[in-house]
Amino acid sequence: MSAVKRVTRTAALLNAQPIPQQQHSDGAPSRAVISFRAKKLRTVVPHPRKDEQNCAVSKNSSSDTASKDPSLCSSKHEDTSSVTKRRKRVNSSQMQCSSGDGKPVGTEMSCSLLVSSVLSLLDPQLLAAATQHIRMVDERLRGIIDMHEGPKFEKCESAFASLVRSIVSQQLASKAASAIHGRLVTLCGGDTDVTPSTILKLSAAELRVIGISERKANYLHDLASKFTADSLSDSTILVMDDSSLMTSLTAVKGIGVWSVHMFMIFSLHRPDILPVGDLGVRKGFQKLYGLKSLPDAEKMEELSSKWKPYRSLGSWYMWRVLSKTLPFATIDSN
């Protein structure tokens, strides 16, 4: 039975009068919905034109309100099963925002923001669900999880400032990177002043005085230029899908795939990132699964497929594997 017939029948049963659809000049129904009111009941049925692709996300899922929707926020009284329900709701929204060939249409920004605002490992309920999932699907990793306290991710206040720190820290020991970054923050005027405009005002000579090479100064200026030109911004980074974000950030001088993976895991807290180029993660895979040699990207994808959609958490535990004696004997495998 069509949606219109169901509405009409329900309206008749409730003694309600349907509000007629508006018609286009060509006789096709408009994009306006059919609605009727009967006592306290109100039913709305989307009825797009046949020649239009229409995103079925509701008004409440717009980029201005999706993150404020109480149904999408964590609750102190929410259990892990509710995270699964929310994930299903997000997946449903993603499908509704796709055309028949699977490509997004209409309000891509709204749909992306909905996913970004829900799927973050900063959400303790999502983190708990991710941990439970990996424990259930990977017996070997379960032992490591039980031996180690879970991650405590920190909120990222500024995507730009985080990327600046990533560039400054490249190829440096942790202590040296921290010292040089601290000098840069001081030179800018404080943490909140590490902005694109401030970085662009600093010359390569000024940056060299605090320990930043000319090459890294060039990287920082390129990053700041892209932010001031609006090809990148803190807000757009939050709503980009993983693939688009990888493409946009690797277009910045000095930012490679590994840097983007680290940024997505530790700054944006994306739940399903597999840093195939990280040596520590590769060694973790080798040790945990008893591999004869370091795995390549294809092997890591294969072994971690059961972790989906929480490969970021599984990867985090790979670093822990290196510091632990495994609670079981490994058998060499190919």
Side-chain angles (χ1 to χ4, degrees), residues 121-122 148-228 232 234 237 245-246 248-270 273-287 294 300 312-313 315-324:
L121 291 177
L122 273 181
H148 201 284
E149 185 178 0
K152 295 180 179 178
F153 295 107
E154 297 180 359
K155 184 179 180 181
C156 174
E157 299 295 341
S158 165
F160 175 78
S162 180
L163 290 168
V164 165
R165 182 161 195 156
S166 175
I167 291 174
V168 169
S169 302
Q170 288 175 3
Q171 299 179 325
L172 293 176
S174 178
K175 188 174 181 179
S178 181
I180 294 175
H181 179 260
R183 293 181 208 138
L184 176 61
V185 171
T186 301
L187 185 63
C188 289
D191 288 317
T192 58
D193 295 311
V194 182
T195 62
S197 59
T198 304
I199 293 295
L200 286 175
K201 291 176 183 177
L202 300 174
S203 67
E206 289 176 293
L207 293 171
R208 190 162 53 250
V209 170
I210 63 172
I212 295 176
S213 67
E214 184 174 352
R215 183 176 62 178
K216 285 188 178 180
N218 185 32
Y219 295 164
L220 292 174
H221 287 153
D222 186 56
L223 173 67
S225 295
K226 285 180 168 56
F227 267 75
T228 55
L232 285 172
D234 280 4
I237 282 175
L245 185 57
M246 176 63 73
S248 296
L249 291 183
T250 52
V252 178
K253 294 179 181 178
I255 297 182
V257 172
W258 179 86
S259 295
V260 178
H261 280 157
M262 296 302 105
F263 173 70
M264 288 197 285
I265 293 174
F266 294 103
S267 295
L268 301 184
H269 316 105
R270 299 281 175 96
I273 305 302
L274 181 67
V276 294
D278 185 86
L279 182 59
V281 173
R282 294 178 69 197
K283 287 183 175 180
F285 271 96
Q286 182 183 18
K287 182 177 179 180
L294 286 174
M300 293 168 72
S312 296
L313 184 60
S315 300
W316 186 87
Y317 276 108
M318 290 299 100
W319 287 301
R320 311 284 84 74
V321 166
L322 298 179
S323 63
K324 294 290 185 181

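Just so you know, residue 1 is the first one in the sequence shown, and it goes up from there.
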| Are the aromatic rings of Trp319 and Phe285 close, with centres under 6.0 Å apart? | no
Is Ser248 reaching over with its side chain to a backbone N or O of Leu245, donor-acceptor style, under 3.5 angstrom? no
Tested for side chain to side chain contact (heavy atoms under 4.5 Å, CB included) against Leu187, the lone hit among Ile212, Val194, Thr198, Ile210 is Ile210
- Query: Tell me, do Ile265 and Pro275 make a side-chain contact under 4.5 Å, heavy atoms counted?
  - Reply: yes
* To do: Please work out whether the ring planes of Phe160 and Phe227 are parallel, tilted or perpendicular, with thresholds of 30° and 60°.
  => perpendicular
- Task: Anything under 30° is parallel, anything over 60° is perpendicular, the rest tilted; go ahead and classify Tyr317 against His148.
- Result: perpendicular
Heavy-atom nearest pair, Cys188 first then Asp193, reads O-CB, 3.3 Å
Shortest non-hydrogen pair, Asp222 vs Lys253, comes out as OD2-N, 2.9 Å
Count the heavy atoms of every other residue, nucleotide or ligand shown that sit under 6.0 Å from CD of Glu214, and state whether that count exceeds 12. no
Quiz item: Any sub-3.5 Å donor-acceptor pair from Arg165's side-chain atoms to Ala161's backbone N or O?
Solution: no
Would the number of heavy atoms belonging to other residues, nucleotides or ligands and lying under 6.0 Å from CG of Asp191 be above 12?
no
**Val168 backbone acceptor or donor facing Lys216 side chain under 3.5 Å** = yes
